[in-house]
Amino acid sequence: MSIEDLERFESEMELSLYREYRDIVRMFSWVVETERRFYLANEVDVTPVPGSGGDTWFDVRLTDAWVWDMYRPARFVSEVRVMTFRDVNVERITHAEVPDTNELLS
């Protein structure tokens, strides 16, 4: 497999993942972004946990989630737990801001 073939394959996988995201985003209420992953979820609970030495880490629990990862065979998961010392961004999805799939195709 050549470098061009690999790049084409990855580009097609990314486009496919974007199309899946575009088709399902309206099913979810929250967007959650961590250092390693991007999620859509219907329930989110972020708990700051004080650690030893004054460091705080975050226990993030998602229910009814979708994971942005083109290498996962199954992106829909019922529960996700993320434990991180890094930033966690949680935003409520305003569906009025999400274009309808038909709008994107025209």
Side-chain angles (χ1 to χ4, degrees):
M1 178 178 271
S2 71
I3 292 173
E4 292 82 22
D5 290 339
L6 182 57
E7 288 176 355
R8 187 177 318 109
F9 172 76
E10 287 183 347
S11 293
E12 289 172 4
M13 291 288 292
E14 286 182 36
L15 182 57
S16 175
L17 184 60
Y18 169 74
R19 287 179 176 150
E20 181 178 330
Y21 165 83
R22 180 194 63 198
D23 291 343
I24 55 101
V25 67
R26 291 182 172 275
M27 296 169 44
F28 296 94
S29 302
W30 299 94
V31 173
V32 179
E33 187 176 5
T34 68
E35 179 184 330
R36 298 189 59 202
R37 296 275 192 274
F38 176 87
Y39 302 90
L40 298 173
N42 281 323
E43 291 181 34
V44 178
D45 180 42
V46 179
T47 305
V49 180
S52 61
D55 292 331
T56 299
W57 58 277
F58 300 95
D59 185 1
V60 183
R61 294 175 187 251
L62 311 174
T63 304
D64 188 22
W66 180 87
V67 183
W68 180 287
D69 185 341
M70 67 183 178
Y71 298 109
R72 285 180 69 100
R75 285 181 280 279
F76 286 96
V77 290
S78 58
E79 293 181 30
V80 176
R81 184 175 182 191
V82 178
M83 294 172 279
T84 183
F85 283 97
R86 305 287 186 176
D87 290 342
V88 177
N89 184 38
V90 179
E91 297 179 28
R92 180 176 287 281
I93 296 173
T94 305
H95 290 289
E97 296 174 358
V98 177
D100 187 353
T101 302
N102 294 328
E103 293 173 20
L104 292 171
L105 296 175
S106 52

Gap between atom [atom2] of [Y] and atom [atom1] of [X] - 0.5 Å precision:
| X | Y | atom1 | atom2 | result |
| --- | --- | --- | --- | --- |
| D69 | M13 | CG | CE | 9.0 Å |
| Y39 | T34 | OH | OG1 | 5.0 Å |
| E10 | M70 | CD | CE | 5.0 Å |
| S78 | L62 | OG | CG | 11.0 Å |
| D45 | R81 | CG | CZ | 10.5 Å |
| D87 | E35 | CG | CD | 9.0 Å |

Using every non-hydrogen atom in the two residues, find where T63 and A41 come nearest and quote the distance to one decimal.
O-CB, 3.9 Å

What's the shortest heavy-atom distance between W68 and R37, and which atoms?
O-CD, 4.4 Å

For N42, check side-chain contact (heavy atoms from CB on, under 4.5 Å) against everything at least two apart and list the hits.
F28, S29, D64

side-chain contact (heavy atoms from CB on, under 4.5 Å) partners for L15, two or more places apart
R19

If we ignore hydrogens and angles and just use 3.5 Å, is the side chain of R26 paired with the main-chain N or O of D23 as donor and acceptor?
no

Option among V60, D55, D59 that satisfies the side-chain contact (heavy atoms from CB on, under 4.5 Å) test with W57:
D59

Pair R61 + E79, salt bridge at N-O below 4.0 Å:
no

Say whether E43 and W30, considering side chains only, have a donor N or O and an acceptor N or O under 3.5 Å apart.
no

Are [X] and [Y] connected, step by step, through hydrophobic side chains (Ile, Leu, Val, Met, Phe, Trp, Tyr) whose heavy atoms are closer than 4.5 Å?
| X | Y | value |
| --- | --- | --- |
| V80 | V46 | yes |
| V31 | V88 | no |
| F85 | V49 | yes |
| V67 | F38 | no |

Does any part of the side chain of I24, heavy atoms only, come nearer than 4.5 Å to the side chain of L40, both counted from C-beta?
yes

Please name all residues satisfying side chain to side chain donor-acceptor pair (under 3.5 Å) with E7, sequence neighbours left out, ordered by chain then number.
none

Other residues, nucleotides and ligands only: do more than 12 of their heavy atoms fall within 6.0 Å of CD1 on I3?
no

Walk me through it: do F9 and E14 pass the test side chain to side chain contact (heavy atoms under 4.5 Å, CB included)?
CA-CA 9 Å; F9 172 76; E14 286 182 36; over 6 Å; no

Kindly indicate, with the supporting measurements, whether the criterion side chain to side chain contact (heavy atoms under 4.5 Å, CB included) is fulfilled by R36 and V82.
CA-CA 10 Å; R36 298 189 59 202; V82 178; over 6 Å; no

From CA spacing to verdict: side chain to side chain contact (heavy atoms under 4.5 Å, CB included), W66, Y21:
CA-CA 9 Å; W66 180 87; Y21 165 83; 3.7 Å; yes

